[in-house]
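Have a look at the structure below before the remarks.
Atoms within a ligand are numbered from 1 in the order they appear, just like the ligands themselves. Quick note: numbers below take in every heavy atom, side chains included, and nothing from hydrogens, waters or symmetry partners.
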Amino acid sequence: MAGQKVLVTGAGGFIGHHLVAYLKDKGYWVRGVDLKYPEFASTAADEFELLDLRRWDNCLQAVRGVEQVYALAADMGGMGFISAHHAQILHNNILINTHTLEAARLAGVTRYFYTSSACVYPEYLQTDSHVVPLKEEDVYPAQPQDAYGWEKLVSEHMARHYHDEYGMQTHIVRFHNIFGPLGAWNDGREKAPAAMCRKVAVARLTGDPVVEIWGDGEQTRSFCYIDDCLEGIYRLMQSDYTEPLNLGQDRLITINELADLVANIAGVTIVKKHIPGPQGVRGRNSDNTRLRQVLGWEPQISLEEGMARTYAWIEEQVRLWLTRDGILV
Ligand code: NAD
C-alpha cells in the first residue's frame, strides 16, 4: 500500500536500483541498502545505507521500522562469475539471506519478497538446446548446476518455512535472465545480454567486426526486460501467492541468434568467433502457465524492443570508455 515504509536490499545493484525508483513512483517510502551506491545513476531512495548484510547487526539496522522487505542483495554475476566462485557465493549469500529474513521476522515485517533464480532448476532437465520449458514443480529431485542455485533453493525453503511456521507473508520469485540499462556491462559480473551489447558496440565503434562467443553459441535462453520484471515483482507482492513463481519471458533464443539480433539493432555486420568459455546449462526456458494463472499477466516487452533500449545505453558507455582510453577520438 502506498505510503508504507519498505526496504530494498541490493539497491545499489541492477534490479534493486530500478525497483527503488518503481516503488517511489508508487508512493512508498523506500530505504535502500547495499555495499555500494548505484554505479550509473543516483538512487531515488528516501534513505540509502551502506551496510554489509552478511553481518547480523547490519541486518537489524537495515530492517528497522519497515513493513515490507524486498530482498535482492546477493553476490552474483553472469556465467563467468558464478561458475568460478562457488565457495564465496554460497558463503556470502547464505549469510545475507539467513540474517535478513530473521531480522525481518524480529522486526515484525509483514511481507517479504525473496528473489530466487531459474538456476535452481536441475541440470538434467537442461541438457538440450530445445529444452522443455521449466515448470515450478520441476525443481525436484534437485540438482542445480552451481552453488549459486543451491543457495537460492535453500533460501527459498527458509522463506517458505518462515511463512508456514511464523506466519510471515513470503513471496518467492524465480527470475529468468533479466536485462536492461543501468546494469553491469564490463566488470566481470555482466550477463549475456549486456556482454553481447558491449561486444557489438565495440565492433561498431572500432570497425573490428569480430565478436567472441563462449562455446558454439547454440545454447539457448529466454530473456526478460527490466520493466516487465518490476511489474511482475509488484504484482506478486500484492498477491496472496506464497509458492515459488517463474518470472521471465518464454521465447527461447540461441546465443548466436541473440548476437544477430543485437547486430541488427546496431546496424553492423559482425563475424562470430566461437571460443572456449563457461556456457552454463545447454538450454533453459520459463514455463509461464502458473505465472499467467496467478498474476493474470505475463511479460509484454519484446526482446527486440528491450534489447534496443539496452543497446543504446551500453553503446553510450562503450563510447565513453573507448574515448577515455584514447581508442576513439
Ligand atoms: P546485482 O549484482 O546488480 O545486484 C545485487 C546487489 O547486491 C549488488 O549491488 C551487490 O553490491 C549487493 N550485495 C552483494 N553482497 C552484499 C552484502 N553482503 N551486503 C549488501 N549488499 C550486497 O544483481 P541483480 O541482477 O540486480 O540481481 C538482484 C537479485 O535478483 C539477486 O538476488 C539475484 O541473485 C537475483 N537474480 C537476478 C537475475 C538476473 O537476471 N539479473 C536472475 C536470477 C536471479
> What do you reckon, does M76 have a nitrogen or oxygen under 3.5 Å from a nitrogen or oxygen of ligand 1?
Replying inline: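 M76 vs ligand 1: no N/O contact under 3.5 Å.
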>> Is it the case that ligand 1 has an N or O less than 3.5 angstrom from some N or O of G13?
In response: yes
> Among the heavy atoms of R189, does any lie under 4.0 Å from an atom of ligand 1?
Replying inline: no
> Could a heavy atom of N92 be found less than 4.0 Å from some atom of ligand 1?
Replying inline: no
>> Just to verify, which of L230, I178, D227, V8 counts as forming a side chain to side chain contact (heavy atoms under 4.5 Å, CB included) with H18?
In response: L230
Quick test of your reading of the structure: of [options], whose heavy atom lies closest to [atom]?
atom	options	answer
atom 44 (C) of ligand 1	P193, S116, A194, G248	S116
atom 28 (C) of ligand 1	L50, N58, L72, L247	L72
atom 43 (C) of ligand 1	F175, F14, F81	F175

Taking [atom] as the reference point, the nearest protein heavy atom with its distance:
atom	answer
atom 7 (O) of ligand 1	A74 N, 3.3 Å
atom 6 (C) of ligand 1	D34 OD2, 3.5 Å
atom 38 (C) of ligand 1	K191 NZ, 3.6 Å
atom 26 (O) of ligand 1	I15 N, 2.8 Å
atom 34 (O) of ligand 1	Y148 OH, 2.6 Å
atom 19 (N) of ligand 1	L53 N, 2.9 Å
atom 21 (N) of ligand 1	L35 N, 3.5 Å

Using heavy atoms and a threshold below 4.0 Å, how should the contact between [X] and ligand 1 be classified: side chain, backbone, both, or neither?
X	answer
R174	neither
N177	backbone
H176	neither

>> Please check if the number of heavy atoms outside R64 that lie under 6.0 Å from its CZ is greater than 12.
In response: yes
> Within a radius of less than 6.0 Å around NE2 of H91, do more than 12 heavy atoms belonging to other residues, nucleotides or ligands occur?
Replying inline: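 No, the 6.0 Å shell around NE2 holds no more than 12 heavy atoms from other groups.
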Under 4.0 Å from a heavy atom of [X]: which atoms of ligand 1 are those, numbered in the order shown and with their elements?
X	answer
L51	19 (N), 20 (C)
T115	29 (C), 30 (O), 32 (O)
G12	9 (O)
R54	18 (N)
I96	15 (N), 16 (C), 17 (C), 18 (N)
D52	17 (C), 18 (N), 19 (N)

Smallest separation among heavy atoms of [X] and [Y], with atom names:
X	Y	answer
H171	S239	CE1-O, 3.1 Å
A71	Y112	CB-OH, 3.4 Å
C229	F175	SG-CE2, 3.6 Å

[X] and [Y] ion-paired at < 4.0 Å:
X	Y	result
R54	D52	yes
K24	D46	yes
E136	R174	no
R292	D250	yes
E315	R204	yes

> Can the ring centroids of H85 and F81 be said to lie less than 6.0 angstrom from one another?
Replying inline: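 H85 vs F81: aromatic centres under 6.0 Å.
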>> Please determine whether side-chain contact (heavy atoms from CB on, under 4.5 Å) holds for the pair D75 and Q88, giving the CA-CA distance in whole Å, both sets of side-chain angles, and the decisive distance to 0.1 Å.
In response: CA-CA 8 Å; D75 194 357; Q88 173 188 323; 2.7 Å; yes
> Taking atom types as modelled, is there a side-chain donor on N256 or E218 under 3.5 Å from an acceptor on the other?
Replying inline: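 A pair is found: one side chain offers a donor N or O, the other an acceptor, under 3.5 Å apart.
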